2 protein chains.
Amino acid sequence: MSMPGRRADAVRNRQLALEAATALLAEPDAALTVEAIAKKAGLGVGTVVRAFGGKDALLDTAVAHLLEPVVRRGRDLLQQYGSEQALRAFLTELIAFQAAHHPISDQLRGLTTPATTALRADLVQVVAEMLTGARQDGVIRTDIDLATTTALISHLAFAIARAQPGNPQLADAFITVVMDGLRPS
Amino acid sequence: MSMPGRRADAVRNRQLALEAATALLAEPDAALTVEAIAKKAGLGVGTVVRAFGGKDALLDTAVAHLLEPVVRRGRDLLQQYGSEQALRAFLTELIAFQAAHHPISDQLRGLTTPATTALRADLVQVVAEMLTGARQDGVIRTDIDLATTTALISHLAFAIARAQPGNPQLADAFITVVMDGLRPS
DNA sequence: ACTTATATGGAAGGCGCATTCCAGATGTCA
DNA sequence: TGACATCTGGAATGCGCCTTCCATATAAGT
């Protein structure tokens with residue numbers, strides 16, 4: 001991991017900056033400016049920016065760190081439970097995650113940085129796999145095509161998370177309604 | 001309409017600024033800066049700002065102008081059709097409207113200007129009335145309380161509109177899924 | 001310990017935007 | 001038409017932010 005000619009303090013500071021950014025991403029109403037990140041990390045702004053080559057790259061890395069376990073968790077669920085149950089559980093966790101990292105969605109809309117884009121695609125992929133399995137099990141309607149259903153799920157999960165961050169009652173209701181609506185008639 | 005001491009050109013320019021802002025609100029990817037509005041209206045920036053007392057006030061008025069007919073339309077639907085049918089039709093129109101004025105949602109999140117806030121409340125009120133009627137008709141489940149259901153509908157409509165602006169197939173699928181999910185079991 | 005390549009803090013620079021200001025223009029009223 | 005209150009354009013100002021820069025500090029190698 002440590003590159004040649006790369007000083008130890010630089011590596012450590014990069015890590016500190018990353019942790020500070022990640023922490024701020026979980027704070028609602030946080031400013032999320034380079035200066036705020038630097039202060040939280042106990043570094044100068046120059047150091048923070050230099051470690052990643054720009055604010056966007058830093059945020060990209062931070063978001064990737066946050067998103068990666070979510071995607072992995074989705075894969076685990078899929079392997080461990082049946083498709084329908086996995087989907088339901090994953091939705092619950094996705095919503096909770098987004099609610100806990102509320103700033104992510106706002107801040108990064110339209111950020112087409114590489115890692116974030118890739119992970120977003122992975123997320124959609126996982127949801128699509130769950131839906132495919134559930135369709136084969138006959139518990140999800142097939143009169144709406146897979147891509148549309150996947151898009152629906154993804155966007156609705158996003159919406160509900162931002163609607164009332166941290167209101168589990170609303171999240172439950174959302175999941176119930178959508179899952180019921182997705183069953184075959 | 002013309003106030004005393006208010007010069008005719010000032011009134012006309014105010015109208016021009018309002019129209020320019022409204023037009024920009026319907027243009028996806030429009031800059032929506034005061035300068036852009038001024039240029040589109042053929043006015044100087046000072047004139048535009050002065051006419052409303054600030055950018056936010058201008059946008060507030062523009063959004064109110066746009067939203068008012070939507071709310072009225074909802075009331076008409078409610079009076080003309082049964083609750084369920086009105087709800088379905090209104091959702092379709094709401095989504096189309098939001099898709100056509102895509103910048104509104106992004107630009108005005110958190111804008112707590114008076115007119116916009118009031119109209120948003122009216123919108124929710126109309127949806128709540130439709131749902132109340134539909135519940136009484138026995139076509140909407142009552143195991144989820146009214147407020148939650150209303151919030152659900154509002155946020156979901158918002159989500160789908162932003163998901164794929166102008167993709168009627170997705171919008172239809174969304175409405176079908178949610179309406180099916182809202183039926184009593 | 002000394003040298004040198006590398007890193008640091010934070011001031012200065014640059015940019016995009018809303019707002020303010022004012023010299024000049026233009027509607028209004030007698 | 002003349003006098004004057006009102007309005008106008010757009011340059012100047014202010015503000016928040018990201019990025020760049022460089023004099024100083026510090027790790028690494030010998």
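No experiment lies behind these values; they were computed from the predicted model shown. The sequence lines fix the lettering, A, B, ..., with proteins before strands; numbering per chain opens at 1.
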Rounded to whole angstroms, how far apart are NZ on B:K55 and C1' on C:dT20? 17 Å
If we only count heavy atoms from C-beta on, is the B:P184 to B:T142 side-chain gap below 4.5 Å? no
On DNA chain C, check which nucleotide each of B:E35 and A:A10 is closest to and give me the residue with the more 5' one. A:A10
Among C:dC17, C:dG27, C:dT20, the nucleotide that comes nearest once only the side chain of B:T33 is considered: C:dC17
Between atom CD1 in B:I37 and atom C1' in D:dG10, what is the gap in whole Å? 16 Å
For atom CG of A:L59 and atom C1' of D:dC17, their distance in whole Å: 13 Å
Among C:dC17, C:dA5, C:dT28, the one nearest A:R7 by side-chain distance: C:dA5
Does any N or O in the side chain of B:K55 come within less than 3.5 Å of the main-chain N or O of B:L32, such that one atom is a donor and the other an acceptor? yes
The answer to which of B:G44 and A:D9 contacts DNA chain D further toward the 5' end, by nearest nucleotide, is B:G44
Look at B:N13 and D:dC7 and indicate whether a side-chain polar atom (N or O) is within less than 4.0 Å of OP1 or OP2. no
Please state how far atom CZ in A:R12 lies from atom P in C:dT6, giving the value in whole angstrom units. 18 Å
Report the distance from atom CZ of B:R14 to atom P of C:dG27, rounded to the nearest whole Å. 20 Å
Of the candidates C:dA7, D:dT19, D:dG10, the side chain of A:V45 sits closest to D:dT19
Please report the distance, rounded to the nearest Å, between CZ in B:F52 and P in C:dA18. 15 Å
For A:T116, does its backbone N or O pair with a side-chain atom of A:T113 as donor and acceptor, under 3.5 Å? no
Mind calculating the distance between CZ (B:R6) and P (D:dT6) to the nearest angstrom? 12 Å
A:L123-A:L131 co-clustered via ILVMFWY side chain contacts under 4.5 Å: yes
Determine whether a donor-acceptor pair (N or O, by modelled atom type, separation under 3.5 Å) exists between the side chain of B:K40 and the backbone of B:E19. no
B:R50 side chain, from C-beta outward: closest of C:dG10, D:dA11, D:dC7: D:dC7
Looking at D:dC7, I'd like to know if its phosphate oxygens (OP1 or OP2) sit under 4.0 Å from a side-chain N or O belonging to B:T47. no
